[in-house]
Amino acid sequence: LSRFVGLITAAGSGVRLGRGEPKAAARLSGRPLLAWTLDAFASLELDRIVVTAPPDRVAEFAGLVEGRASVVPGGETRSASVRLGVEALGPAADDVVAVHDAARPFVHEEEIRAVLRAAEKSGAAIAAIPVADTIKEAAGGRIVRTLDRSRLWAAATPQAFRGEILARALASGRDATDEASLCEDLGIPVEVVPVSRLGFKITTPEDFEIAEAIVQARHRSRRG
Ligand code: C5P
């Protein structure tokens, strides 16, 4: 029986968020963003979760996770952090590893489950959001062309892989913005699992305002 393990990347500096603290520690309705993201994984009962923290904040992050994960120092880039996190997890060849951005707290538990199941079956699968906008390629401020929207997906997380596939993908050392692209480099098929737009990545101050509104709306609906 394969084990399911999680890696939550939370070592980003949060410069674009502009709060003067790491993004994962920024308070969303009074709780660190990382705590909300761990909530999304809570009912999945993964065998183990490792969180990558900014190297100078490991002790602080160890407090933030409230015993729900182990915390290791991340690296300079997301890709470096993923390598360090996977090293700490030490997955077996047939374990399924879910890599997830701390900056995506609203991914639904059922969506995470669907990605894990797909990766268990096929070896590699990612959460992806169907593109709603018409996407233009531009250069020098002018449109070069319009891409065919019906074929486009915004790559989100979790991205889940059999341990053996993730190890092969990471071995190249290429500094990619996601793990799926490392599989693509090797011609390894990666399944796309559609998720809702709530899988968005909190990046800018505006994203954080939207996140606050989502949390408030959920709070109100819980109270009826
Ligand atoms: O910078 P970006 O928003 O693309 O980061 C995506 C995720 O990767 C975030 O959750 C961030 O904390 C994490 N990250 C990391 N180590 C880095 C940079 C980003 O774990 N050096």
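For ligands, and for the atoms within them, numbers begin at 1 and follow the listed sequence.
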Give the atom numbers and elements of ligand 1 that come within less than 4.0 Å of a heavy atom of [X].
| X | value |
| --- | --- |
| E76 | 21 (N) |
| A102 | 10 (O) |
| T52 | 20 (O) |

Got the closest protein heavy atom to [atom], with its distance?
| atom | answer |
| --- | --- |
| atom 3 (O) of ligand 1 | K23 NZ, 3.0 Å |
| atom 20 (O) of ligand 1 | A11 N, 2.9 Å |
| atom 4 (O) of ligand 1 | K201 NZ, 2.6 Å |
| atom 1 (O) of ligand 1 | R16 NH2, 2.9 Å |
| atom 19 (C) of ligand 1 | G12 CA, 3.5 Å |

**Message:** Does the structure place the NZ or CZ of R48 under 6.0 Å from the centre of the six-membered ring of F4, at an angle of no more than 45° from the ring's axis?
**Reply:**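 The answer is no, since R48 fails at least one limit relative to F4.
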
For [X], state whether at least one heavy atom is located under 4.0 Å from any atom of ligand 1.
| X | answer |
| --- | --- |
| A10 | yes |
| G75 | yes |
| R104 | no |
| T203 | no |

**Asked** With a 4.5 Å heavy-atom cut-off, do I8 and T52 have their side chains touching?
**Response**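 A side-chain contact is absent here, since even the closest heavy-atom pair is not under 4.5 Å.
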
**Request:** Determine whether I188 and R168 make a side-chain contact, defined as any pair of heavy atoms from C-beta on separated by less than 4.5 Å.
**Result:** yes

**Request:** Decide side chain to side chain contact (heavy atoms under 4.5 Å, CB included) for V97 and E179; before the verdict, give the C-alpha distance in whole Å, the side-chain angles of both, and the deciding distance to 0.1 Å.
**Result:** CA-CA 11 Å; V97 186; E179 289 59 62; over 6 Å; no

**Request:** Would you indicate which of D101, V15, I202 comes nearest to atom 7 (C) of ligand 1 when only heavy atoms are counted?
**Result:** D101

**Request:** Check whether any N or O atom of S81, backbone or side chain, sits under 3.5 Å from an N or O atom of ligand 1, and answer yes or no.
**Result:**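 Looking only at distances, the answer is yes, because the N/O contact criterion of under 3.5 Å is met.
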
**Request:** Any chance you could measure L44, atom CG, to E109, atom CD, to the nearest 0.5 Å?
**Result:** 5.5 Å

**Asked** With the 4.5 Å side-chain cut-off for hydrophobic clustering, are V50 and V107 part of the same group?
**Response** no

**Request:** Indicate, with yes or no, if I202 and W36 share a hydrophobic cluster defined by side-chain heavy-atom contacts under 4.5 Å among Ile, Leu, Val, Met, Phe, Trp and Tyr.
**Result:**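 Yes; I202 is reachable from W36 via cluster members.
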
**Asked** Would you say E111's side chain and S196's backbone share a donor-acceptor pair under 3.5 angstrom?
**Response**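 Here the side-chain-to-backbone pair exists.
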
**Message:** Please check: side-chain N/O of R104 versus main-chain N/O of G199, any donor-acceptor pairing under 3.5 Å?
**Reply:** yes

**Request:** Check each heavy atom of T9 against ligand 1 and say whether those closer than 4.0 Å belong to the side chain, the backbone, both or neither.
**Result:** both

**Prompt:** Would E120 and R117 pass as an ion pair if we require N to O under 4.0 Å?
**Reply:** no

